[in-house]
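Take a look at the structure set out below.
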Amino acid sequence: MAAPTLEEITSLCIRRGYFFPSGRIYGGLAGFFDYGPLGVEFRKEVLDDWWDFFVRSRDDIVGIYGSIITHPRTWEASGHVESFIDFIVTCKRCNRDFRADHLLEDLGIEVKELTAEYLERVLREHGVRCPNCGGELTSPQPFNLMFTTYVGPKRTKASLAFLRPETAQLIFLNFKDVYITARLKLPFGVAQVGKAFRNEISPRNFLFRVREFEQMEIEYFVNPKKLDDCPLFKEVAGLEVNFLTAKMQEKGEKEAKAMTLEDAFDRGLISCKWHAYWIGESLRWLNRIGLPMSKLRVREHVKTELAHYAVQTFDVEYLFPYMGWKEIEGISNRSNYDLRRHQEYSGKDLTILDDGEKVLPYVIEPSFGLERVLLALITEAYRVIDGRTVLSLNARIAPIKVGVYPLVTKEPFVKKAREVYRIVKAKFTALYDERGSIGRRYARADEAGVPLGVTIDGQTLEDDTVTLRFRDTRQQIRVKISELTRIIGEVIENWERYSKAPMEVIAEQVGGKL
Ligand code: GAP
């Protein structure tokens with residue numbers, strides 16, 4: 001089966017109401033998207049699963065929900081005012097702006113450094129001109145990505161504020177209050193989900209690079225003397241991971257090497273054991289929601305791309321068929337850079353006690369971009385079967401879990417189908433559809449990613465059983481209405497086991513008939 005193109009993915013998302021370009025009736029605003037009826041449920045399913053996995057199921061992580069605009073000193077202390085920049089070049093003829101490193105990458109020219117001098121040199125060496133009109137380009141200029149606004153009625157330097165470019169800083173600002181009020185003990189984490197804003201020079205590739213997006217971030221605080229003291233590591237030590245280290249990249253190697261996390265840690269490739277643990281947990285979650293390990297790799301940042309705060313960063317990359325390997329999550333060791341800077345700038349003591357000693361903890365940060373995860377999931381799920389598009393999303397995160405259909409759109413089928421719909425909808429996101437032939441209704445649901453279908457037919461009226469249809473195999477089993485919600489729940493919970501299993505196995509295990 002041919003891999004989907006970005007155009008096919010975009011078209012499906014708009015056609016089925018996952019996402020719409022924001023302000024579409026006015027021609028759209030580059031870098032902004034709105035969630036449609038399916039998208040908004042999809043977003044919630046993925047966020048909820050993330051929160052369950054990383055927060056609610058654990059004892060060592062609590063959540064916060066910080067403000068989008070906060071004290072402007074935050075961004076001076078964090079280094080974003082000074083260092084959160086990309087380099088822009090403008091065409092002298094048509095006045096279009098381009099991100100200098102992207103311009104080079106689009107021409108297949110490797111970018112080894114992100115400095116104005118380096119980019120200028122490489123642009124000149126290759127004689128790069130405007131891709132729009134062939135005009136001459138300006139020298140690369142630093143461009144700060146933070147959106148600005150003013151707080152209060154006066155538009156002065158004193159009232160200038162920023163929309164947060166990462167959610168992480170709100171965790172650092174609240175660090176001590178959270179530590180005290182939640183009565184935490186090192187090591188512990190603080191999680192947050194929320195919007196972040198970046199005035200990207202060239203937003204592109206649909207949801208991949210946008211100007212307003214959501215992050216799902218954890219700052220996991222560890223005593224700097226206990227960075228390798230990670231009792232949880234054994235849970236992920238044997239996980240086989242595709243690694244592309246900085247050294248390998250410096251040698252010009254392009255292919256990742258598979259090794260266990262334990263092996264990678266023992267070889268000294270990862271800054272500390274807690275860092276290795278969070279790589280493992282991240283991959284476990286991505287895998288559980290539907291991204292296969294074979295299409296995920298962990299690429300270390302080379303020195304020149306490392307953020308100003310990071311000791312070591314790994315990007316978790318997904319193999320997008322239309323873009324190649326691209327980052328969907330960053331996992332950094334930020335040391336105690338942020339807490340130290342906020343301590344300096346605020347004059348407040350941010351140390352906490354551990355074993356009777358005052359410490360300023362180090363932090364390991366798994367940082368996921370929601371839109372990129374959603375795009376990867378939709379891409380991975382996209383299939384064309386017998387000329388029809390099917391979105392094979394994992395039932396765990398599918399926006400609508402069940403479709404309910406009367407086989408014939410006449411009474412008494414419709415009345416019974418509505419009854420069954422009410423029962424199902426009380427527990428799961430569900431849709432009811434009585435328009436068109438049953439084949440067309442299944443096809444619509446398959447394309448929208450609905451994993452299960454319940455059909456009310458002649459036999460239902462005789463013995464109160466319905467058929468339960470599986471999207472990915474298009475097979476059905478017969479189940480009692482009184483058992484329906486239990487069986488659907490069991491199937492969703494164990495989707496990896498049931499989604500492609502033969503019907504006789506499913507019928508035997510969950511309780512149903514062929
Ligand atoms: N707090 C760390 C941080 O913000 P980052 O690598 O700049 O690190 C984390 O961003 C994640 O946020 C990325 O892995 C990506 O998934 C997402 N992200 C960043 N910029 C984005 C953009 N312009 N559009 C969509 N997602 C973005």
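Here the structure is a predicted model, which means the values were calculated and not measured. Computed from heavy atoms alone, side chains included, the values below leave out hydrogens, waters and symmetry copies. Numbering of ligands and ligand atoms starts at 1, following listing order.
Ring centers of Phe54 and Phe368: under 6.0 Å apart, within the cut-off. In this structure, Tyr277 has its ring center at least 6.0 angstrom away from the ring center of Tyr220.
Ion pairing between a basic and an acidic side chain is recognised when a charged N comes within 4.0 Å of a carboxylate O; Asp349 and Lys358 show such pairing. With salt bridges taken as basic N to acidic carboxylate O contacts below 4.0 Å, one links Arg299 and Glu305. Contact check on Glu281 versus Arg284 returns a salt bridge, with a Lys/Arg side-chain nitrogen under 4.0 Å from an Asp/Glu carboxylate oxygen.
Protein residues having at least one heavy atom under 4.0 Å from any atom of ligand 1 are Glu166, Ala168, Arg198, Glu200, Phe208, Arg209, Val210, Phe213, Gln215, Glu217, Tyr309, Glu327, Ile328, Glu329, Gly330, Arg334, Glu365, Ser367, Gly369, Arg372, listed by chain and number.
Counting only N and O atoms by type, the side chains of Glu371 and Tyr35 include a donor and acceptor under 3.5 Å apart.
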